[in-house]
Amino acid sequence: MEQFKLEHQYQLYLKRVALTEDKMHPDQRRETRQAFMGACGQMIFLLRDELAALDENEAIKILEQMKNEVGNFFIKQN
């Protein structure tokens, strides 16, 4: 189940943001990977500890709000 491996998701992320590890400075590569894995870890805890405690409809609503927040962040970056 490749889609659940964080390395696979990291590579998809790099494609989405048009980064190539081969062309990144070693510090940028290390810090980008650290930030990505740190964010993944935080989201795992959030989903396990907080979202799982909500009823399904509220959880879906919150996930949609979070998705929109990420989208808006990247829109403002450009």
**Q** Would you give the length of the straight line joining atom CG of Leu63 to atom CG of Leu51, rounded to the nearest 0.5 angstrom?
**A** 4.5 Å

**Q** Between Val17 and Met43, is there a shared hydrophobic cluster once you connect ILVMFWY residues whose side-chain heavy atoms come closer than 4.5 Å?
**A**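 Each belongs to a different hydrophobic cluster.
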
**Q** Under the side-chain contact (heavy atoms from CB on, under 4.5 Å) test, which residues partner Glu2, sequence neighbours left out?
**A** Lys5, His8

**Q** With the 4.5 Å side-chain cut-off for hydrophobic clustering, are Met66 and Leu47 part of the same group?
**A** yes

**Q** Under the side-chain hydrogen bond (donor to acceptor under 3.5 Å, both in side chains) rule, collect the residues that match up with Tyr13, sequence neighbours excluded.
**A**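 If we apply the side-chain hydrogen bond (donor to acceptor under 3.5 Å, both in side chains) test to Tyr13, skipping adjacent residues, there are no hits.
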
**Q** What residue pairs, at least two apart or across chains, pass salt bridge (charged side-chain N to carboxylate O under 4.0 Å, His left out) with a residue in residues 68-78?
**A** none

**Q** Atom CZ in Phe74, atom CZ in Arg16: separation rounded to 0.5 Å?
**A**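 Reported to 0.5 Å precision, the distance equals 10.0 Å.
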
**Q** Only pairs at least two apart or in different chains count here, so list each side chain to side chain donor-acceptor pair (under 3.5 Å) that has a residue in residues 47-66.
**A** Glu64-Lys67

**Q** With a cutoff of under 4.5 Å between side-chain heavy atoms, which Ile, Leu, Val, Met, Phe, Trp and Tyr residues group with Ile44?
**A** none

**Q** Give every residue pair that meets the side chain to side chain donor-acceptor pair (under 3.5 Å) criterion with at least one member in residues 27-36, sequence neighbours excluded.
**A** Glu7-Arg33, Glu21-Arg33, Asp27-Arg30

**Q** What is the minimum heavy-atom distance between Leu6 and Cys40, and which atoms define it?
**A** CD2-SG, 3.9 Å

**Q** What's the separation between atom CG in Leu14 and atom CZ in Phe36, rounded to the nearest 0.5 Å?
**A** 8.0 Å

**Q** Is there a chain of hydrophobic side chains (I, L, V, M, F, W, Y, each step under 4.5 Å between heavy atoms) that links Met37 to Val70?
**A**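 They do share one cluster, since a chain of ILVMFWY contacts under 4.5 Å joins Met37 to Val70.
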
